[in-house]
Amino acid sequence: MAKIKPLTFNYDGSLIPENGITQAQIEALAPKLEAARDEVIQTDLQLYASGENIPEEKLPLDAGFHEMPERILDEYQSDRANSELGRILATAAKLRERVDKVVVLGIGGSYMGARALMETCCQPYFNELTRAQRGGHPRMYFAGNNVDNDWSQALLEFLRTNSTGDGPEGKWGIVVISKSGGTLETASAFRQFLAELEKLVGAESLPDYVVPVTGAEGKLASLADTIGCKDRFLVPDGVGGRFSVLSAVGLLPAAILGIDVVALLEGAAAMNGQFRTEPMGSNPVMDYVAVNHLLEKERGVLTRVLSVWTKSLESAGFWYDQLLAESLGKAEQGALPLTCVNSRDLHSRAQQHQEGIRDKVMNNVILDSWRCDPLPIGRSDRNEDQLNELADKTLPDVMAAAIAGTNLAYKEDNRPTTDIHLPAADESSLGQLFQMLMLTTVLEGRLMGINPYGQPGVEKYKKYMNQLLRQTVST
Ligand code: PA5
């Protein structure tokens, strides 16, 4: 395993006598938090492995995400060709040869992670690059995550008019992801995009261009049988949708884009190691939960702002919005997640964060290094903007000043902040961040006595939407 540069977590900005928390409160919480960690790393994993005598209040127990990175990596090491990861890489390579565009259909946990992977690990304008500039990797588009008439038709029209020629540039493919296989948004998009693809490649060739990722059984699995899809992957049992990013759900789209999925999984495995062994104070999972939970309970801080200081992490923030909201928003509890991209949103939200209701913590996510060399502001003969005095300052210099300045401004008004430092916007860092936030969510659920798995509240709207639609059809 390559040496991992660790993600770090610092909560000095929340240790403020007024409106924040104290080290003594963290120490007082420590025994409860240790007990919750034991529950997550021992009780839950043992119950999950045996599948027996799982108490009612722990059902569903979708703890399969926890050791998944290590399991997938181990299987890959022992049998590269036939392991799940080996098959994912082989399928991605085949698609790369065949197509220049891939449409990923999925919603919620079957969508957000893949999008976060693309936006964090690929070049910002990846889809605009030539095939050579993309290293031969297909462009990627996301659909089936809404029922938006205009966006669906725009993508279909784009694919129709921009897929010409005999080579891969003339072809596109579909990766359809749905654990249940019955989610209406994704299912209806699959029907529409499949019909369009069939016009291009013909019914017999569809299996070469369609890769389903779904449960062992269900409507999508049956449809995949009928189409004759040869390459297909399972959303494993015991892994909830929003916890599935490090299964085929995220790994297949990532591999298609040329993202280093091994480094991603190694990052996640490293976070597991830290969580299991490190004491509080150097354990990002435990420390994050301690601070955010205490702020909520002691100070009524119910809004958790994930303040990402690069646009590359915006979708990772949206992925976390779903994770936190669906996991802990139960029994009339659970903090409200809010993703901000800075410095952009300093010009839209900062006023409220600085002087509004004291119900927020700013959890910063800060990059310690940028992909490209620092770009200076530059010197100009037209100095009406009076920027020549800053000519040698680079964009990373300006960003660093914005981060430090914003934290100072919050500190002055006793507004709590924390800092998650990522070594870079890359696979290893994102793997650590994904796993850290999944573990924090489960750990906090156990601490609060809330089952972080399952989303019974989401089922209600689906039931009524289906009823309404089918009534309309029958009248
Ligand atoms: O976390 C979850 O399980 C949900 O958000 C699902 O991911 C989402 O509802 C999509 O479900 P499916 O993958 O079954 O289409």
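Indexing begins at 1, ligand by ligand and atom by atom, following the structure's order. Here the structure is a predicted model, which is why all the values come from computation and not from measurement.
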Numbering as shown, the atoms of ligand 1 that approach Ile107 to under 4.0 Å (heavy-atom distance): 7 (O), 8 (C), 10 (C)
Please report whether ligand 1 has a polar contact with Gly241, defined as an N or O pair separated by less than 3.5 Å (distance criterion only). yes
Could you check whether any side-chain N or O of Arg98 sits under 3.5 Å from a backbone N or O of Tyr209, counting only pairs where one atom can act as donor and the other as acceptor? no
Compare all side-chain heavy atoms of Arg446 with those of Thr43 and state whether any distance is below 4.5 angstrom. no
Which of the numbered atoms in ligand 1 are under 4.0 angstrom from any heavy atom belonging to Ser180? 12 (P), 14 (O), 15 (O)
Checking side-chain polar atoms at under 3.5 Å, does Ser222 have a donor or acceptor matched by the opposite partner on Asp225? no
Donor-acceptor check, side chain of Ser78 to backbone of Glu75, threshold 3.5 angstrom: yes or no? yes
Using distance alone, determine whether Gly108 and ligand 1 share an N or O pair under 3.5 Å. no
Proximal atoms of ligand 1 relative to Gln455 (non-hydrogen, under 4.0 Å): 1 (O), 2 (C), 3 (O)
Ranked by distance from atom 5 (O) of ligand 1, the top protein heavy atom is Gln322 NE2, 2.6 Å
May I ask you to check if Arg191 and Phe193 form a cation-pi contact, with NZ or CZ under 6.0 angstrom from the six-membered ring centre and within 45° of the axis? no
Return the option from Ser327, Ser110, Gly454 holding the heavy atom at the smallest distance from atom 13 (O) of ligand 1. Ser110
Should you measure from each heavy atom of Gly109, which atoms of ligand 1 turn up under 4.0 Å away? 5 (O), 6 (C), 7 (O)
Going by distance only, is there an N or O of Lys179 that falls short of 3.5 Å from an N or O of ligand 1? yes
Nearest non-hydrogen protein atom, atom 11 (O) of ligand 1: Thr183 OG1, 3.5 Å
Indicate yes or no for a side-chain donor-acceptor contact from Ser247 to the backbone of Ser244 under 3.5 Å, with no hydrogens or angles considered. yes
Check each atom of ligand 1 against the heavy atoms of Glu326 and keep those under 4.0 Å away; list them by number with element. 1 (O), 2 (C), 4 (C), 5 (O)
Going by the atom numbers of ligand 1, which of them fall below 4.0 Å from some non-hydrogen atom of Lys462? 9 (O)
Parallel, tilted or perpendicular: rings of Phe243 and Phe65 (30°, 60°): tilted
If we count only N and O atoms by modelled type, under 3.5 Å, do the side chains of Asp419 and Asn10 hold a donor and an acceptor together? no
